[in-house]
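The first residue of the sequence shown is numbered 1, and numbering continues consecutively from there. Since the structure is predicted, the reported quantities are computational estimates derived from the model, not experimental observations.
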Amino acid sequence: MRVHFHGAAGEVTGSLHEVEAAGHRLLLDCGMIQGSPEAERRNLDPFGFDAAALDALVISHAHIDHIGRVPLLLKRGFRGEIHAQEATADLMRIMLLDSASIAESEAERGNRKRRPGEPELQPLYTRDDVEATMQRVRPLRYGTPREILLGVQVTFREAGHILGSSVVEVRAEGRTLVFSGDLGPKGTPILRDPEPIAAADLVLMESTYGDRLHKDRAETILELGRILEAAWNDGGNVLIPAFAVGRSQELLYWFAKYWDEWKLSRWKIFLDSPMAAKVVAVYDRHTELFDEDAVAVWKEKPNPFNLPNLRLTESAQDSMAINAVERGAIVIAGSGMANAGRILHHFRQNLDKPQTHVVFVGYQAEGTIGRRLVEGAQWVRIHGRDIRARAQRHTIGGLSAHTDQHGLIEWYGQIAGHPPLALVHGEDKAREALAGEIGERYGVKAVLARPGLTLQV
Ligand code: ZN
């Protein structure tokens, strides 16, 4: 077997690894490059291999930086099957349709401003392309080996990162390649911990937080409770920008778990994100993937997705109606970094009030409104209007969906014999720090994968 690196090799997004095995070619992930507009333009570049010559695609999980270019792969001639864990397959449709809608409306907007003679903008792919993509998806359970091509066997193992997230084992020619996908921290709510891997001949491991240690999750949760108490006493609303997959559901889980302690029955809770509501339905369909704690919460507490005072607002009208609530509302809405989405109209309505509390539960990238607020901006521009930002702001660390340096070292360390290791899905600073630690501890010299590099398994 041989692995060729094409994407997320020296950066975090755009996961794309090609494997030659038993005379076939397969791809692990086909993710979107995300970040600045310049970076995102690279999504249009050629893949670096012939899409039509690929025999199969294997998906680690449904985050857009791992699946975002799959419909493009089909547009460029890929005709093989797509193998994904069952919940990943369900989430994929939601994520890709959303991604296609955004691409379609951006192209439409661009074309309206187009000068005569300029070429018409085309979306990266359309919702029809997504439907064609989903026809090729073959869902697969954890722990069930499948011969995806003659002489090539694939098994998914729990990765504990988002629902359906998988570590991918590829067996061919008597060798085993293990691709970590993205690894969650132990104790991620609802999900089981990453499953230990017995053995491998080569490991591709993510390294997003290879140079960082996370704050304790239990401490983080106590902090959230204290913020809600303070917000109630101030008599305002609480606004939480959150990603539709994972973080939104996790918040509802904590609300159910601490229902009595945090006196949550006095609040009105809104999950104001049609996409997050669709994702909730996928969680509900896959309770077989829940861990013991989640099973207990579902049995003993109010159902996190059906809290008596929770409203999932679908229509734009219902979302606007939340504006009439002056106090006592907790609003979870996208986008997670407040650079788009419904959270913005809640900001317009509430940000100028000192009794409003804004709680940031995820990473806020440079250049986003979320980042500006975290850094203490007094004014932000929303929908073309300058808004005075007098709300109180809180940043809750410790809810990351990625494990930290300790977790990565521990996951790799339990693989028998400490096989050769290549680090992907991380910036160089993170990868170098992680490679240094692993070298010291296990005497293994980790390879920092780069586009164009080939490794023998
Ligand atoms: Zn991910």
| said: Nearest 0.5 angstrom please: Thr88 OG1 to Ile67 CD1, how far? | reply: 8.5 Å
| request: Evaluate the side-chain contact (heavy atoms from CB on, under 4.5 Å) criterion for residues Leu16 and Arg69: first the C-alpha distance (whole Å), next the side-chain angles of each, then the deciding distance (0.1 Å), finally the verdict. | output: CA-CA 9 Å; Leu16 190 63; Arg69 280 189 286 173; 3.7 Å; yes
| field | Cation-pi check, Arg76 onto Phe47 ring (under 6.0 Å, within 45° of axis) | value | yes
| note | Looking only at heavy atoms, the pair that brings Ala338 and Ile343 closest together is CA-CG2, 3.8 Å
| query | Which distance, rounded to the nearest 0.5 Å, do you find between the NZ of Lys301 and the CH2 of Trp259? | reply | 11.0 Å
| query | Is there a donor in the side chain of Thr313 and an acceptor in the side chain of Asp272, or the other way round, less than 3.5 Å apart? | reply | yes
| message | Counting only heavy atoms not in Lys186 (residues, nucleotides, ligands), do more than 12 fall under 6.0 Å from its NZ? | response | no
| Sidechain N-carboxylate O distance under 4.0 Å for Asp293, Lys257 | no
| Around Arg138, counting heavy atoms of other residues, nucleotides and ligands shown, do more than 12 lie under 6.0 Å from its CZ? | yes
| task | Start with the C-alpha distance between Val167 and Leu183, add both sets of side-chain angles, then the distance that settles side-chain contact (heavy atoms from CB on, under 4.5 Å), and finish with yes or no. | result | CA-CA 8 Å; Val167 172; Leu183 292 168; 3.9 Å; yes
| Within the side chain of His214, is there an N or O that forms a donor-acceptor pair under 3.5 Å with the backbone of Gly398? | no
| query | Is it true that a side-chain atom of Glu20 and a backbone atom of His24 form a donor plus acceptor pair closer than 3.5 Å? | reply | no
| said: With salt bridge (Lys or Arg N to Asp or Glu O under 4.0 Å) as the criterion, how do Arg171 and Asp201 come out once you've worked through the C-alpha distance, each side chain's angles and the decisive distance to 0.1 Å? | reply: CA-CA 10 Å; Arg171 287 212 178 86; Asp201 297 294; over 6 Å; no
| query | Which heavy-atom pair separates Leu423 from Ser207 by the least distance, and what is that distance? | reply | CB-OG, 4.2 Å
| At their closest point, which heavy atom of Gln249 faces which heavy atom of Ile190, and how far apart are they? | O-CD1, 4.1 Å
| said: Treating Arg136 as the side-chain partner and Arg79 as the backbone partner, does any N or O pair qualify as donor plus acceptor under 3.5 Å? | reply: yes
| task | Examine distances only and state if a side-chain atom of Asn43 and a backbone atom of Ile33 form a donor-acceptor pair shorter than 3.5 Å. | result | yes
| query | His418 vs Tyr442 aromatic rings, parallel, tilted or perpendicular, using cut-offs 30° and 60°? | reply | tilted
| task | Assess whether atom CD of Gln317 is packed by more than 12 heavy atoms of other residues, nucleotides or ligands within 6.0 Å. | result | no
| Can Glu11 and Arg42 be said to form a salt bridge (Lys or Arg N to Asp or Glu O under 4.0 Å), step by step? | CA-CA 13 Å; Glu11 60 189 323; Arg42 284 164 42 214; 2.6 Å; yes
| said: Quick one: does any side-chain atom of His346 pair with a main-chain N or O of Ile332 as donor and acceptor, under 3.5 Å? | reply: no
| query | So, do Glu18 and Arg2 sit near enough that their side-chain heavy atoms are less than 4.5 Å apart? | reply | no
| Spatial distance of atom CD (Glu169) from atom CD1 (Ile197) [nearest 0.5 Å] | 4.5 Å
| request: Report yes or no: does Asp182 contribute a side-chain atom to a donor-acceptor pair with the main-chain N or O of Ser165 at less than 3.5 Å? | output: no
| note | ring pair (Phe, Tyr, Trp, His ring centres under 6.0 Å) with Phe305: of Phe290, Tyr253, Trp298, Phe255, only one passes, and it is Trp298
| field | Whether over 12 other heavy atoms sit under 6.0 Å from Glu292 CD | value | no
| said: Using only atom types and a distance under 3.5 Å, with no angle test, would you say the side chain of Glu300 pairs donor to acceptor with the backbone of Val297? | reply: no
| query | Under a 4.5 Å cut-off applied to non-hydrogen side-chain atoms, are His4 and Phe49 in contact? | reply | no
| If you measure only the distance, is there a donor-acceptor pair under 3.5 Å linking the side chains of Thr126 and Asp129? | yes
| field | Main-chain N/O of Gly426 paired with Thr208 side-chain donor or acceptor, under 3.5 Å | value | no
| field | Under 3.5 Å: donor-acceptor pair, side chain of Glu86, backbone of Gly164 | value | no
| task | Using the side-chain contact (heavy atoms from CB on, under 4.5 Å) rule, take Leu251 and Ile330 through it: C-alpha gap first, then chi angles, then the decisive distance, then the call. | result | CA-CA 11 Å; Leu251 285 166; Ile330 298 172; over 6 Å; no
| task | Give, for atom CG of Leu222 and atom CD of Glu261, the distance between the pair rounded to the nearest 0.5 Å. | result | 10.0 Å
| Is it true that atom NE2 of His345 has more than 12 heavy atoms of other residues, nucleotides or ligands lying nearer than 6.0 Å? | yes
| With a 4.5 Å limit on heavy-atom distance, are the side chains of Phe179 and Val170 in contact? | no
| field | Distance (rounded to the nearest 0.5 Å) between His83 NE2 and Leu149 CG | value | 6.5 Å
| said: Within the structure provided, determine whether Ile221 and Leu399 are in side-chain contact (heavy-atom separation under 4.5 Å). | reply: yes
| Between Phe5 and His17, which heavy-atom pair has the shortest distance, and what is it? | CD2-ND1, 3.5 Å
| field | Distance (rounded to the nearest 0.5 Å) between His63 NE2 and Asp29 CG | value | 12.0 Å
| message | I'd like to know if the side chain of Arg192 reaches the main chain of Gly187, judged simply by a donor and an acceptor atom lying under 3.5 Å from each other, with no hydrogens or angles considered. | response | no
| Do the side chains of Met337 and Phe360 get nearer than 4.5 Å, heavy atoms only? | no
| said: Here's a test for you: under side-chain contact (heavy atoms from CB on, under 4.5 Å), which of Leu204, Leu453, Val424, Leu202 qualifies with Val447? | reply: Leu453
| Considering residues, nucleotides and ligands other than Leu150, do more than 12 of their heavy atoms fall under 6.0 Å from its CG? | no
| request: Given side-chain contact (heavy atoms from CB on, under 4.5 Å), test Val168 with Val154 step by step and report yes or no. | output: CA-CA 7 Å; Val168 183; Val154 161; 4.1 Å; yes
| query | Looking just at side-chain N and O atoms, do His425 and His66 make a donor-acceptor pair shorter than 3.5 Å? | reply | yes
| query | What pair of heavy atoms forms the shortest contact from Trp254 to Pro189, and how long is it? | reply | CZ2-CG, 3.7 Å
| task | Please check if any side-chain donor atom of Asp90 sits under 3.5 Å from a side-chain acceptor atom of His286, or the reverse. | result | yes
| field | Exercise: do Gln85 and His61 side chains pair donor with acceptor under 3.5 Å | value | no
| Within-4.5 Å side-chain heavy-atom neighbours: Ile102 and Ser99 | no
| said: For Val444 versus Leu421, what's the shortest heavy-atom pair and its separation? | reply: CG1-CB, 4.4 Å
| query | Do the non-hydrogen side-chain atoms of Pro145 and Thr155 ever get within less than 4.5 Å of each other? | reply | yes
| query | Would Lys215 and Glu223 pass as an ion pair if we require N to O under 4.0 Å? | reply | yes
| message | More than 12 heavy atoms of other residues, nucleotides or ligands under 6.0 Å from CD of Glu427: yes or no? | response | no
| Less than 4.0 Å between a side-chain N and a carboxylate O, is that true for Arg217 and Glu250? | yes
| said: In the structure I gave you, are the side-chain heavy atoms of Ile415 and Trp411 within less than 4.5 Å of one another anywhere? | reply: yes
| task | Verify the neighbour count for atom CZ of Arg371: are there more than 12 heavy atoms of other residues, nucleotides or ligands below 6.0 Å? | result | yes
